[in-house]
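A quick write-up on the structure given underneath.
Lettering of chains follows the sequences in order, A, B, ..., and the numbering in each one begins at 1. The figures that follow rest on heavy atoms only: side chains count, while hydrogens, waters and symmetry mates do not.
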Amino acid sequence: MSNVEVDRSIEAILMVVDEPVSELTLATVLEVPVDIVVEALNRLTHSYEDRGFTLKAINGGWRFYSHPDCSPAVEKFVLDGQQNRLTQAALETLAVIAYRQPVSRARVSAIRGVNVEAVMKTLVNRGLVEEYGVENETGAILYKTTSYFLERLGLKSLDDLSPLAPHLPDLDGLDEILESLTD
Amino acid sequence: MSNVEVDRSIEAILMVVDEPVSELTLATVLEVPVDIVVEALNRLTHSYEDRGFTLKAINGGWRFYSHPDCSPAVEKFVLDGQQNRLTQAALETLAVIAYRQPVSRARVSAIRGVNVEAVMKTLVNRGLVEEYGVENETGAILYKTTSYFLERLGLKSLDDLSPLAPHLPDLDGLDEILESLTD
Amino acid sequence: MDISLETAEQVAPESGFNVHLSNFDGPFDLLLQLISRHKLDITEVSLSLVTDEFISYIRSLELSGEGWRLDQATEFLVVAATLLDLKAARLLPSGEIDDEEDLALLEARDILFARLLQYRAFKEIAASFQEMIDFADKSFPRVVALDPALAALLPEVLIGVGAERFAAIAERVLTPKTPPIVAIEHLHNPLVSVTEQSRLVVEALRQAKSMSFRSLCVGAESTLVVVARFLALLDLYRQGNLRFNQVIALGELQISWTGAESGDIEITDEFDIPVVLVDETDEDKNV
């Protein structure tokens with residue numbers, strides 16, 4: 001199968017799907033190595049730079065998206081697109097969970113210095129955070145972010161979260177102190 | 001608005017809509033004469049000649065379709081085993097509809113905490129769910145499961161659905177909870 | 001004191017001391033705000049200034065009539081107590097660290113700063129989350145139903161689960177995901193009971209007749225224990241069981257026992273959250 005054929009086939013498939021498609025699924029259907037699919041997806045994404053749409057992999061699957069530049073025009077069509085904005089408290093709590101997951105509510109409280117009960121409830125109800133088993137020693141419920149969280153942030157996977165380290169000053173012993181706080 | 005801007009905006013809108021869009025609607029949204037839109041649509045259609053998709057006007061509305069040249073790949077993808085099994089998202093949505101029918105899409109979204117538009121379409125498309133009138137107050141379309149759903153689940157009637165645990169809040173209780181989420 | 005009054009007014013000139021709790025989210029948030037307002041490096045905070053302001057915020061909250069929730073009060077108290085400790089240490093002549101208490105103080109400072117730095121890091125991350133969400137919101141996914149011609153090609157749909165499993169899924173999805181109602185995690189663990197500390201304090205004072213607050217707090221495992229012992233003293237003072245004596249401001253606080261030599265002392269439980277015991281839940285059902 002030539003490059004052009006792979007490109008066109010991927011475009012055609014992504015045009016009819018109702019949910020994101022993984023690189024592996026595309027490779028299986030087209031009977032080509034995954035590398036070839038990845039190359040093709042990159043080539044296609046580049047070729048759409050001046051178009052009104054783009055390709056994105058979010059939560060492990062690829063699909064077409066409207067280009068961010070064109071959001072004013074698209075917003076007129078999408079009626080239920082207005083998502084409620086998260087409060088500052090919700091965002092901070094979400095940040096702690098995202099980087100420390102799986103994590104108990106008490107731990108999040110300790111890091112933020114306030115009771116996070118109500119905020120956690122909101123995040124769970126919004127589908128951004130979910131329960132994830134219990135901590136062995138304490139029996140406290142652990143929480144982690146959901147795939148919907150990735151979707152809302154436009155992330156391919158949790159690995160795409162920017163590292164936390166640059167936000168912390170490079171102080172001797174800080175890591176140890178922070179570590180000791182987790183007990 | 002420049003030609004490029006018109007082209008990109010049209011591409012962006014047509015990429016996210018499911019229903020075909022008329023030239024007049026596009027002209028209204030973009031605030032340009034219909035002639036300009038028609039020109040742009042022709043220009044775009046030409047530019048897609050070597051792509052895996054194309055633009056088509058059917059019943060006076062324009063929409064993206066996969067290119068006829070690529071139908072073998074698309075058909076293979078659709079026929080591939082992965083497509084006949086319901087995804088977790090579809091299964092959960094179906095469960096909500098089955099036990100809360102008739103129910104609006106907004107209601108299902110609120111219960112699942114995510115946008116269920118795509119999944120609902122899949123369920124309708126697969127013949128598991130169908131429209132069932134409108135909600136009196138809101139005018140929202142209501143959905144219910146089909147007899148094909150019962151057949152696929154191996155049930156004689158809806159009464160044969162396994163009862164849910166009695167501690168689950170009924171619809172009234174659920175309303176209050178959902179109500180509180182919108183604050 | 002004048003200085004702290006002025007600075008507090010600068011913060012909310014339109015309402016004087018009338019600070020509302022909604023302005024900031026917890027003690028760390030307030031502390032960070034105060035620190036950033038003075039454009040000070042978080043590790044070189046002018047502690048006295050910030051401490052004074054922090055305390056005046058707490059005072060103004062008291063005066064505002066909004067009242068305190070116990071969890072909020074304890075959180076603010078812990079931070080206030082740590083800050084006061086640090087301020088006191090600054091005011092004392094600096095000498096060699098030869099005292100275990102001084103070491104503990106340094107440790108308390110490090111921990112407070114570490115926690116603040118950590119909080120600040122997550123605050124910055126939260127801002128980047130908002131940017132990412134805003135950007136993601138500008139892009140809309142293609143959401144289309146399968147072409148009817150293609151849908152006709154599809155084999156019979158597989159629900160993939162039986163009726164029982166299907167019901168289980170429905171139950172899970174339909175159950176409101178509400179965390180347990182009786183929550184005690186908001187008092188940072190380990191929980192410190194004022195009642196329990198009160199008994200220790202009474203016992204120690206009955207034995208020694210008179211002792212300094214400092215020596216009363218030797219062996220306290222955490223700042224929270226110190227706070228609990230202090231609260232216990234306040235309550236015992238209210239009941240006329242002891243006398244405070246402080247010769248100079250910020251000097252050593254001496255406590256003399258004036259209460260009964262033996263027998264039961266009424267011990268307060270107003271600071272402690274009642275723990276719901278298993279056999280008490282019957283009563284709750286009536287609510």
Side-chain angles (χ1 to χ4, degrees), chain A residues 1 4-22 24-26 28-31 44 47-48 50-54 63-78 80-81 83-84 121-130 146-148 151-152, chain B residues 4-18 21 25-26 28-30 44 47-48 50-54 64-74 76-80 82-83 87 89-90 105-106 109-110 112-115 117-119 121-122 125 177-178 180-183:
Chain A
M1 206 178 224
V4 174
E5 280 174 308
V6 173
D7 290 4
R8 291 188 81 188
S9 300
I10 291 176
E11 281 182 321
I13 289 170
L14 293 182
M15 202 52 81
V16 302
V17 295
D18 51 7
E19 57 182 41
V21 186
S22 73
L24 187 64
T25 305
L26 288 170
T28 312
V29 170
L30 301 181
E31 292 168 16
L44 287 171
S47 76
Y48 298 150
D50 300 323
R51 297 265 177 199
F53 48 81
T54 183
R63 70 168 144 184
F64 277 109
Y65 281 80
S66 64
H67 198 289
D69 290 354
C70 306
S71 62
V74 178
E75 272 162 16
K76 293 191 183 178
F77 270 88
V78 186
D80 58 356
Q83 310 274 358
N84 287 339
K121 227 184 262 189
T122 306
L123 291 175
V124 169
N125 281 323
R126 291 268 198 104
L128 292 163
V129 163
E130 64 191 358
T146 61
S147 56
Y148 179 62
E151 224 173 278
R152 292 286 289 136
Chain B
V4 174
E5 281 174 308
V6 173
D7 289 5
R8 289 187 87 188
S9 300
I10 291 176
E11 280 183 322
I13 292 169
L14 294 183
M15 192 53 80
V16 301
V17 294
D18 188 21
V21 183
T25 308
L26 288 170
T28 312
V29 169
L30 302 181
L44 287 171
S47 77
Y48 298 150
D50 299 324
R51 296 268 177 198
F53 47 80
T54 184
F64 274 109
Y65 290 87
S66 61
H67 198 288
D69 289 357
C70 305
S71 57
V74 173
K76 187 157 184 303
F77 174 80
V78 171
L79 280 168
D80 211 39
Q82 304 196 286
Q83 296 296 303
T87 61
R105 202 178 68 199
S109 273
R112 293 210 44 239
V114 291
N115 186 334
E117 197 178 334
V119 179
K121 275 179 187 159
T122 302
N125 234 325
I177 293 162
L178 293 176
S180 73
L181 295 183
T182 61
D183 297 338

Counting only non-hydrogen atoms closer than 4.5 Å, does [X] touch chain B with its backbone (N, CA, C, O), its side chain (CB onward), both, or neither?
X: L44(A); result: side chain
X: S71(A); result: neither
X: E130(A); result: neither

Side-chain donor-acceptor pair present, T25(A), S22(A), cut-off under 3.5 Å
yes
Residue [X] versus chain A: region with a heavy atom under 4.5 Å:
X: T54(B); answer: neither
X: V21(B); answer: side chain
X: I13(B); answer: both
X: V74(B); answer: both

Shortest non-hydrogen contact from L30(B) toward S9(B)
CD2-CB, 3.6 Å
Do V129(A) and T146(A) have side chains that get closer than 4.5 Å, going by heavy atoms?
no
Validation row: M15(B), F64(A) side chains within 4.5 angstrom (heavy atoms)
yes
Give the ring-plane orientation class for F53(B) versus Y48(B), where under 30° counts as parallel, over 60° as perpendicular and anything between as tilted.
perpendicular
Could you tell me whether R8(B) and D69(A) have a side-chain N and a carboxylate O separated by less than 4.0 Å?
yes
